[in-house]
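One structure is given here, and the rest of the page talks about it.
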Protein chains: 2
Amino acid sequence: MAEEGTLARVGHTDVRDPIGEGHPTCRLRDVLDRVGDKWSVLVMNLLGDGPKRYSELRRSIEGISQRMLTLTLRSLERDGLVERTVTPTSPPRVDYALTPVGQTLSVQVSGLIAWAEEHRPYVATARARYDDGSANVSEIRPGQ
Amino acid sequence: MAEEGTLARVGHTDVRDPIGEGHPTCRLRDVLDRVGDKWSVLVMNLLGDGPKRYSELRRSIEGISQRMLTLTLRSLERDGLVERTVTPTSPPRVDYALTPVGQTLSVQVSGLIAWAEEHRPYVATARARYDDGSANVSEIRPGQ
DNA sequence: CTGTATCCTTATTGATACTG
DNA sequence: CAGTATCAATAAGGATACAG
């Protein structure tokens with residue numbers, strides 16, 4: 001799925017699955033791709049607090065480009081996870097909100113985020129330990 | 001983070017955060033990257049059923065290359081999420097298992113997967129509807 | 001069996017400029 | 001304000017060959 005000449009969709013495999021019919025891997029791939037791109041979860045999480053305008057999202061996320069915000073939003077909209085509401089006023093106004101189903105996903109996402117916050121110190125320590133002791137071999141349990 | 005000349009680590013930002021100190025975005029990025037790569041979650045999920053050998057994982061995942069399996073496993077090990085046990089027998093044997101903390105993550109992952117399975121039909125429908133009606137403009141609520 | 005090293009292709013993201 | 005179009009850079013992933 002390359003950029004076909006215009007704003008392309010964010011990641012996400014198509015509805016047809018690439019490997020085989022009911023292969024368990026494929027079922028999973030769907031969500032993982034949905035949650036796996038760089039911005040979707042961040043956007044979903046923000047929208048979890050309530051509807052927001054395009055510009056609000058843009059400011060809140062900080063590192064995101066217009067391109068990626070639009071791409072992410074479109075993709076979420078396509079999957080029925082967020083709803084886009086255009087108010088064609090003088091400077092146009094567009095609001096985004098989680099759909100009911102989108103909210104159920106955002107609950108899962110929150111769980112993930114909670115896990116992250118709780119275990120970040122552990123992971124940081126583990127990484128330091130790993131990166132440190134990568135040279136010596138004493139972790140293969142010498143006396144066994 | 002490019003491939004530095006050898007098997008490089010899978011995704012994952014470093015411990016230092018790239019934007020700013022306590023920026024909320026960065027906290028999240030940690031997990032999202034962990035869960036966001038193509039194979040980590042699949043591996044964690046398999047290991048959720050109990051320890052498995054390298055070759056078992058390889059067969060179970062189907063589309064994965066040796067390279068990516070090793071990369072993923074190393075990365076998970078580095079973060080203290082899986083434990084690697086080498087048995088230096090004649091044909092070497094290596095087992096991988098979730099650590100206690102790894103199991104807590106796998107619980108979150110399961111939630112995500114459950115969500116996926118439950119809402120896949122909805123998402124598929126939403127996509128079809130979106131892709132279909134992309135041409136006409138009647139969704140901007142003409143009568144408002 | 002369990003990896004590692006390379007090379008190569010493609011996917012993803014960012015920067016920038018421009019439009020209704 | 002809320003996008004879209006292009007182009008360029010990078011990162012991720014796969015294929016293949018080789019090694020302990």
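FYI, side chains are in, hydrogens and waters are out, and symmetry mates aren't considered; it's all heavy atoms of this structure. The sequence lines fix the lettering, A, B, ..., with proteins before strands; numbering per chain opens at 1.
In this structure, the nucleotide among D:dG3, C:dC1, C:dG3 sitting nearest to the side chain of B:Arg84 is C:dG3. The side chain of A:Pro92 has D:dC1 as its nearest neighbour among D:dG13, C:dT4, D:dC1.
Under the 4.5 Å side-chain criterion, counting only non-hydrogen atoms from C-beta, A:Arg84 is in contact with A:Val86.
As rounded to whole Å, 15 Å separates atom P of C:dG3 from atom CE of B:Met68. Atoms CG (B:Asp33) and P (C:dT13) sit 10 Å apart, rounded to a whole Å. Distance A:Trp39 CH2 to C:dT13 P: 9 Å, rounded to the nearest Å. The nearest whole Å value for the distance from the CG atom in A:Leu71 to the P atom in C:dT13 is 8 Å. Computed from coordinates, the B:Arg93 CZ to C:dG3 C1' distance equals 16 Å when rounded to whole Å. For B:Gln66 and D:dG20, the CD to C1' distance is 14 Å, given to the nearest whole Å. Rounded to whole Å, the distance from CZ on B:Arg58 to C1' on C:dT2 is 9 Å. Going from atom CD1 of A:Ile64 over to atom P of D:dG3 covers 12 Å, rounded to whole Å.
Considering only side-chain N and O atoms, B:Ser55 lies under 4.0 angstrom from the phosphate OP1 or OP2 of C:dT2. Residue B:Arg74 places no side-chain N or O under 4.0 Å from the OP1 or OP2 atom of C:dT2. For A:Tyr96, a side-chain nitrogen or oxygen approaches OP1 or OP2 of D:dG3 to under 4.0 Å. Not one side-chain nitrogen or oxygen of A:Lys38 sits closer than 4.0 Å to the OP1 or OP2 atom of D:dA11.
You'll find a donor-acceptor pair under 3.5 Å spanning the side chain of B:Arg67 and the base of D:dG13, going by distance alone.
Comparing the start and finish of the helix from C:dC1-D:dG20 to C:dG20-D:dC1, five pairs each, the helix axis swings through 50°, to the nearest 10 degrees.
Backbone-only contact: A:Arg53 has heavy atoms under 4.0 Å from sugar-phosphate atoms and none from a base.
In this structure, B:Arg34 CZ and B:Leu105 CG are separated by 8.0 Å, a value rounded to the nearest 0.5 Å.
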If you look only at distance, which donor and acceptor atoms sit under 3.5 Å apart when one is on a side chain in residues 41-58 of chain A and the other is two or more places apart or in another chain?
unit_1: A:Tyr54; atom_1: OH; unit_2: A:Gln66; atom_2: O; d: 3.2
unit_1: A:Tyr54; atom_1: OH; unit_2: A:Thr70; atom_2: OG1; d: 2.9
unit_1: A:Glu56; atom_1: OE1; unit_2: A:Arg53; atom_2: N; d: 2.8

